[in-house]
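Taking it in order: structure first as C-alpha cells, then the write-up.
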Protein chains: 2
Amino acid sequence: MNFDAITIRDIARELHLSVSTVSKALRDSYEISEKTKKLVTEFAQKHNYRPNPMAQSLKKGHSKSIGIVVSSIDNQFFSQVINGMESEAYSQGYNVIITQSHESYELEVQNVGHLIHRAIDGLLISIATETADVEHLRRLQQQGLPIVFFDRVSNEIDTHKVIVDNLGGAYQATMHLLASGYKNIAHITSSVTSSVTNQRLAGYVDALVESGIEVNEQYIKYCLHGGLNLDELEQAIDELMQTEPRPDAILTASDRITTSTMTLLHKKNIRIPQDVALVGFSNTVLADVLNPSLTSVHQPAFEIGRKATEMLLSIINSKRPITEFENVVLPTELFIRSSSASKLK
Amino acid sequence: MNFDAITIRDIARELHLSVSTVSKALRDSYEISEKTKKLVTEFAQKHNYRPNPMAQSLKKGHSKSIGIVVSSIDNQFFSQVINGMESEAYSQGYNVIITQSHESYELEVQNVGHLIHRAIDGLLISIATETADVEHLRRLQQQGLPIVFFDRVSNEIDTHKVIVDNLGGAYQATMHLLASGYKNIAHITSSVTSSVTNQRLAGYVDALVESGIEVNEQYIKYCLHGGLNLDELEQAIDELMQTEPRPDAILTASDRITTSTMTLLHKKNIRIPQDVALVGFSNTVLADVLNPSLTSVHQPAFEIGRKATEMLLSIINSKRPITEFENVVLPTELFIRSSSASKLK
DNA sequence: GTGAAAGCGCTAACAA
DNA sequence: TTGTTAGCGCTTTCAC
C-alpha cells in the first residue's frame, strides 16, 4: 500500500541529490547547507512527503506510538481516560493504539503481544479482572519496555502508577450513606484479585468500623467478571435481597457494576432509594438523568489518562534507566443525588 | 524496542541454515523438506519467535491491520460498532487501529493520514459532521485503498456502505409520536451535510406529510457539531421552547444529541413527556433506567461493525478490483418507553 | 557540504 | 531442497 507514495528516493532523484543528503536535510542536520535544506524541505512540503513510519521504526527500533490496554472502551470511565491519553500523546508527537481485554486474561496477553510486535515504545495498562498472574508484563518490563499502570494496578511490578484514592472514595460514599440514615450497607465489587477492589473494600470496611458497625461478610459480593456477566451480578443482588436483615443500601464498586445494578433493580421492581439506596463508582454523564438520579463517586478520568501518559513519556524519553517510581493518587469526588436520599426526616 | 527479540537470522544461525530457508520453512513453503520445516517450526515455537510486523509490512506493503475512524468512542453506538469490527477482524487475523475525529474535519484528515502511514490495508470510516469535502478520501480510494463507509457515508464516493434504515427509523418514531397524540413535533439533528441527517430528516418529514401535517421549518434545528457542543444544543432547545405553538414532542437524531437533550431538559425543569415528549436515536444501555425511560430508535451497532468489516476484508482479499459496490441497509428498532407516553387517555 | 554504503528484519526471485 | 542476493524506506557512519 503506497498511497501518496513519495519517498526520500523520489526527492533525491528529482533534486539530483543523494538519499542521505535528503534524509539529513529533512532532519535538519548541521552538515547540510541552508540552501539545500530549503530546497529539500520545500520540495517535500509541496509534494506532501511523509516519512514511512514502518521504515523508520524498523531502522530506529521505536515507533513513536504507545499501546493502551483497557477492559472495554464501551465504558465512560475508560473512554474518558483514553481521551486524556490521546491528548497528551498527540501533544508530544506520539500516536496511541487502543486495545480491549474485555476482562479476559487471554485477550490481555494476546493484545499485549500484538502491541509489542507493533513496536510500541511504551504501554499503558489497566489489568483485566481475570488477570491474576502478571508474569507476561513483568518479563516485558525487565526487557526494557516502559510500562505505566493506571486504574487496576499490580503490586508485583514496580513502575509508575496512576490511581485514584479508592479507599477514600469508598469511605466517603459509605459515610454519606450512614449519615443519610442507612444502616445495612452492602457492597458489590469485582474480582478479589484486583487492587481497586481491595482498596474500595477497605474504604467501605473502614467507614463501617469507624462508625461502630459490624462488617457483615454476607453483605459483600464479588463479581469475578466485573459485572460484564449480568448473571453473576443478578445472583449477587438476589442473594443480598434475601439476606437478613435485608440491606437498605448498596455501594457498587465500578462503572459497569453500578449501571448494571441499577438496571437489574429496576427490572426487579426494587425501588431506589425507598427499598434500597444506591451509591456507585461511575463516570457516566447520564448520572443526573437516571431514575433516580445517581449518587456517584466520580474519578478524574481525563486527568488519569493524561498523567499516566505524561509519566510514560518521561520514562521513554529518559536518558537513564528509571529506578524511582511514583505512585500518583488523584482524588475522587462524591456527587450526591437522589439515589441515596436521606432516610431521616 | 526488541523484546523477545529472536529474529529469523538467529534461528538460521543456530540451526546452520540460511535465512531464506528459515523464512520459507516458517511460511510452510513447498520447496522446503518436511524435516527442515519441523526443525525450524519447533525451534521457533520453543523460542517464542514472532515475525516483526514492521519488517513484514515494509517488505510486503501491507500490514494485516485495518484503520477505523469514528467521531468518538465515548458513545455507546460507536463502541458497539467497534466491538463488531474487532470481532470480525480478529477472526480473520487482522488487527484494528482505532482513531477518533471528535467531529473535526482537521482531525479526520490527520487521523486518516496517520493510518495510511501505518500501512493499513483498508479503512472503515464514519465521516465527521464537520466534513463537507471528501477529497482526501477519494484520492486514497483512487490510489487503491479499500474503504468501507458506515453510519455517516458519502454519496460522492463509490464503495461498499453499511447504514441503517435511517429514513424508516425516523419515520417510525415520528409516526409513533403522532399515534400517541403529539401534534407539534420538533426535530433536532446534526449538520445538514451529513447523509444520516438528511435521511432521518426525510423520514420525519414523510411521516408528517403522510399524516397531513404541515412541516414547520422552525421546528427543525441543526447542530453543526452534532451535539458535542452543548451551547448550540441549548440554543436550539431554547428557540424551540419559544416557538409558537410550542412543540409537544422532540425527535432527536443522534446518540449524543439525544442524551444531551435529555440532560438539558432536566436542567431547565421541562418535564418529559408532560411538557415535551422525547424520542431519540440512541444505543445507550441505560435507556430503561433513565428518567423517564427513553423511547429510542436502536441501531444494530455490533452487526453494522461486523458487516462493514466483512465487506472491507472481501475487498482487501479480492483478486480483481471491485467495481460493483453494495449498499447494505440494516433495520432499526423502535423501543417504546415512557418518554413518549401517550397523551390520549 | 555531499554522497556511498551498510543495515534494521523480512520476503522472494534466482542460482546452485 | 537449500542458499545467495536484492530490496522494502529510512538513518547513519564514514569517506570524499
Side-chain angles (χ1 to χ4, degrees), chain A residues 1-41 43-44 47-65 116-121 144, chain B residues 1-41 43-44 47-65 113-114 116-121 144:
Chain A
M1 298 293 101
N2 287 338
F3 310 102
D4 277 350
I6 152 165
T7 73
I8 221 167
R9 251 225 255 297
D10 298 325
I11 302 182
R13 186 171 5 83
E14 293 295 320
L15 262 33
H16 304 292
L17 289 167
S18 74
V19 288
S20 55
T21 303
V22 174
S23 173
K24 284 171 192 164
L26 253 13
R27 334 200 78 247
D28 201 22
S29 161
Y30 65 94
E31 307 175 75
I32 305 297
S33 72
E34 285 307 321
K35 190 156 153 275
T36 307
K37 276 185 196 167
K38 187 145 176 286
L39 190 68
V40 170
T41 49
F43 186 92
H47 291 79
N48 194 27
Y49 168 78
R50 294 234 249 146
N52 178 327
M54 298 292 153
Q56 281 182 317
S57 302
L58 186 60
K59 182 68 193 175
K60 303 202 287 192
H62 66 243
S63 61
K64 283 274 184 182
S65 67
I116 292 308
H117 282 76
R118 289 259 130 206
I120 51 163
D121 298 340
Chain B
M1 297 292 104
N2 287 338
F3 310 102
D4 278 349
I6 151 168
T7 73
I8 222 168
R9 253 227 254 298
D10 299 324
I11 302 182
R13 188 174 1 84
E14 293 296 320
L15 262 33
H16 304 293
L17 289 167
S18 76
V19 288
S20 59
T21 303
V22 174
S23 173
K24 287 173 191 163
L26 252 15
R27 331 199 79 245
D28 200 23
S29 161
Y30 66 95
E31 308 174 75
I32 306 297
S33 72
E34 285 307 319
K35 188 154 154 277
T36 307
K37 277 185 195 166
K38 185 146 178 285
L39 189 69
V40 171
T41 49
F43 185 93
H47 292 77
N48 194 28
Y49 167 79
R50 296 233 249 144
N52 179 328
M54 297 294 153
Q56 282 182 316
S57 301
L58 187 60
K59 180 66 194 177
K60 302 203 287 191
H62 66 243
S63 60
K64 283 274 181 182
S65 67
H114 160 222
I116 292 307
H117 282 76
R118 290 259 132 207
I120 51 163
D121 298 340

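Here is how names work: the chains are called A, B, and so on, in the same order as the sequence lines, proteins then strands, and each is numbered from 1. A quick note: this is a predicted structure, and the numbers were derived from the prediction, not measured. Hydrogens, waters and symmetry mates are skipped; everything else that's a heavy atom, side chains included, is used.
OP1 or OP2 of D:dG9 has not a single side-chain nitrogen or oxygen of A:Gln56 nearer than 4.0 Å. Within the 4.0 Å cut-off from OP1 or OP2 of C:dG9, not a single side-chain nitrogen or oxygen of B:Thr7 is found. Side-chain nitrogen and oxygen atoms of A:Arg9 include at least one within less than 4.0 Å of the OP1 or OP2 phosphate oxygen of D:dC8. Taking 4.0 angstrom as the limit, B:Arg27 places a side-chain polar atom (N or O) nearer than this to OP1 or OP2 of C:dT11. A:Ser33 has a side-chain polar atom (N or O) that falls below the 4.0 Å cut-off from OP1 or OP2 of C:dT2. At least one side-chain nitrogen or oxygen of B:Tyr49 sits closer than 4.0 Å to the OP1 or OP2 atom of C:dC10. When the side-chain nitrogen and oxygen atoms of B:Thr21 are compared with OP1 and OP2 of D:dG3, one or more of them lie within a distance under 4.0 Å.
Counting all heavy atoms, side chain and backbone alike, A:Ile6 lies closest to A:Asn48 at CG2-O, 4.3 Å. Taking each heavy atom of A:Ser63 and A:Asp121 in turn, the nearest pair found is N-OD1, 2.9 Å. Taking all atoms of both residues into account, the shortest heavy-atom contact from A:Leu58 to B:Ala55 is CD1-CB, 3.8 Å.
Taking only distance into account, the side chain of A:Ser20 meets the base of C:dA4 through a donor-acceptor pair shorter than 3.5 Å. The base of C:dG9 lies outside donor-acceptor range of the side chain of B:Lys59, with no N or O pair under 3.5 Å.
Across the protein-nucleic acid pair, A:Leu39 atom CG and C:dG1 atom P stand 16 Å apart, rounded to whole Å. With rounding to whole Å, A:Met54 atom CE is found 18 Å from D:dG7 atom C1'. Per the geometry, NZ belonging to A:Lys35 stands 8 Å off P belonging to C:dT2, to the nearest Å. One interatomic measurement links the two molecules: NZ of A:Lys64 to C1' of D:dT11, which rounds to 15 Å at whole-angstrom precision. To the nearest angstrom, C1' of C:dG7 lies 15 Å from NZ of A:Lys60. At whole-Å resolution of the value, CD1 in B:Ile8 and P in D:dT4 are 15 Å apart. Atom-to-atom, CD of B:Glu31 to C1' of C:dA16 comes out at 13 Å; the value is rounded to the nearest Å. Spacing between atom CG of A:Leu58 and atom P of D:dG7 amounts to 17 Å, rounded to whole angstrom units.
Projected onto DNA chain C by closest heavy-atom contact, B:Ala55 and A:Val22 fall at different nucleotides, the more 5' of which corresponds to A:Val22. The nearest heavy atom of DNA chain C to B:Leu26 and to A:Val19 marks one nucleotide each, and the one closer to the 5' end goes with A:Val19.
For B:Ser20 and B:Ser23, the side-chain atoms include no donor-acceptor pair closer than 3.5 Å.
Distance check, rounded to the nearest 0.5 Å: NZ of B:Lys35 to NZ of B:Lys38 gives 10.5 Å.
Among the atoms of the strands shown, only primed sugar atoms or phosphate atoms (P, OP1, OP2) are found under 4.0 Å from some heavy atom of A:Thr36.
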Legend entry - Steps toward side chain to side chain contact (heavy atoms under 4.5 Å, CB included) verdict (B:Leu26, B:Ile8): CA-CA 9 Å; B:Leu26 252 15; B:Ile8 222 168; 4.2 Å; yes
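Set against C:dG9, C:dT2, C:dC14, the side chain of A:Lys24 has C:dT2 as its closest nucleotide.
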